Protein chains: 2
Amino acid sequence: MVKTTNTLYQYGTLALLVPGLFDGTLQLSDLLKHGDTGIGTGDGLDGELIVKDGVAYKVDGNGDIKKLDGDFTVPFADVHFANYQPLVSVKETITPDNLESTILSRKNWSNVFFSIRAHGTFNQVTTRSINKQDKPYPPLVDCARNQHEFHADKVTGTILGYYSPQLFNGAAVGGLHLHFIADDLSIGGHLLNFAMHDGEIDVQKFDQLEQKFPTQSDEFMQHDFSKDDIAGAIGEAE
Amino acid sequence: MVKTTNTLYQYGTLALLVPGLFDGTLQLSDLLKHGDTGIGTGDGLDGELIVKDGVAYKVDGNGDIKKLDGDFTVPFADVHFANYQPLVSVKETITPDNLESTILSRKNWSNVFFSIRAHGTFNQVTTRSINKQDKPYPPLVDCARNQHEFHADKVTGTILGYYSPQLFNGAAVGGLHLHFIADDLSIGGHLLNFAMHDGEIDVQKFDQLEQKFPTQSDEFMQHDFSKDDIAGAIGEAE
């Protein structure tokens with residue numbers, strides 16, 4: 001397989017998580033054929049995933065971080081083969097309020113997908129993760145209301161995630177969707193808040209999106225998405 | 001290159017046509033590396049394209065149909081490698097009102113992309129095409145208001161097009177987007193109305209969408225799509 005670095009591979013859609021279609025339908029070993037870097041979630045919304053240098057980690061509902069085996073399954077994930085370019089060395093504090101503008105003021109990438117990798121020292125980081133859910137699965141917003149939050153001050157780690165054009169909000173998360181993992185694995189998860197005061201921000205632009213659907217899942221194929229408030233749920237849960 | 005038949009390749013987005021980004025940014029010879037079947041439009045919104053059995057035809061603003069050379073360029077197109085399966089032999093009249101339900105009552109494909117190819121005899125067909133536009137390009141809806149319509153009774157030909165999940169309305173045309181070409185090239189274009197009373201409807205499901213962006217186009221990269229009423233324009237023009 002050719003390892004193209006200009007393609008973002010998305011398995012499933014953010015939309016399918018909204019009504020609770022959380023079944024893991026792709027093995028991690030197959031997902032990693034499409035990238036060595038990325039984010040996602042596990043079967044039953046089992047934790048927050050982060051893939052870095054070809055190694056997949058899960059931050060579970062208790063905040064514990066462990067490496068994942070190839071037979072772990074995912075309902076939704078984004079991966080790509082890393083080929084980042086340096087964007088900026090952090091001089092003033094970077095927060096959720098200025099990360100996107102820091103990038104888009106330097107790169108005219110608002111209409112395409114790109115990845116962000118930011119490694120450095122953080123004055124503070126707040127993440128969340130979600131316990132693995134039991135069937136029948138509740139909607140995504142109910143799970144997010146019961147999420148567990150974690151906080152650390154003075155931590156070194158990596159923000160990893162993606163920017164998606166607003167045109168694709170629903171299929172993906174329009175704007176930034178970021179996960180975090182500390183170098184010492186002490187904290188990680190879906191990133192809620194942060195203040196980065198030192199380090200490097202790298203970016204990687206994609207020319208194309210490879211959007212794979214779980215067509216082997218009867219539940220996905222038969223679901224009526226017309227009744228789901230997908231944009232509303234993404235705004236609340238992501 | 002492997003000719004996968006489970007992938008729809010989309011070059012550009014429907015959204016980029018809405019504000020008038022009509023520059024042809026991909027050569028047909030490159031487009032056809034990704035499929036032998038499809039639809040699209042030309043540089044400057046130059047006609048309605050239909051690709052059948054590896055041959056690309058253009059229906060121009062006068063309704064004339066001609067084969068295209070490899071150096072013809074497109075701002076937007078969908079192609080795939082044909083591997084259709086028979087869906088149904090037409091017994092009762094098929095019209096725009098019942099085509100989608102005819103398919104979706106037999107296949108639970110509403111959440112994925114698929115292609116339709118319907119060849120047979122039509123009691124009537126109404127198509128449209130648009131003259132090549134001059135710069136500065138007007139918005140898509142203005143072009144559609146000046147479209148030329150063509151009509152034929154008792155014609156044999158092919159409907160070719162795609163179904164896109166509503167989740168992707170904007171990037172593509174949510175629901176059906178169909179073009180037509182008569183066997184004798186007497187009429188063709190974007191399909192506005194039809195009554196098919198004899199023939200075969202074939203379908204081909206895709207597991208994945210390969211969405212390519214014209215990242216080499218400064219105009220595309222710099223455009224602010226937030227001010228465009230993309231869904232409204234698609235509803236009116238497509």
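Throughout, a chain's letter reflects where its sequence line sits, starting with A, and its residues are numbered from 1. Here the structure is a predicted model, which means the values were calculated and not measured.
- Contact annotation for residues 98-109 of chain A against chain B (heavy-atom separation below 4.5 Å, listed by residue number): A/N108, A/W109.
- In the displayed structure, A/E92 atom CD is contacted under 6.0 Å by at most 12 heavy atoms of other residues, nucleotides or ligands.
- Using modelled atom types, no side-chain atom of B/D207 and backbone atom of A/P214 make a donor-acceptor pair closer than 3.5 Å.
- For A/D224, the side chain to side chain donor-acceptor pair (under 3.5 Å) partners at least two apart in sequence or on another chain are A/S226, A/K227.
- Remark: the A/E210 side chain and the B/Q208 side chain contain an N/O donor-acceptor pair separated by less than 3.5 Å.
- Of residues 129-141 of chain A, not one residue has a non-hydrogen atom less than 4.5 Å from any non-hydrogen atom of chain B.
- Summarising the geometry, atom CZ belonging to A/F213 is positioned 11.5 Å from atom CZ belonging to B/F206; distances are rounded to the nearest 0.5 Å.
- Between chain A and the options B/I230, B/V112, B/T7, heavy-atom pairs under 4.5 Å are most frequent for B/V112.
- Contacts from residues 164-173 of chain A to chain B, taken as heavy-atom pairs separated by less than 4.5 Å, involve A/L167, A/F168, A/G170, A/A171 in sequence order.
- For the atom pair CG (A/N111) and CE (B/M221), the distance works out to 7.0 Å, reported to the nearest 0.5 Å.
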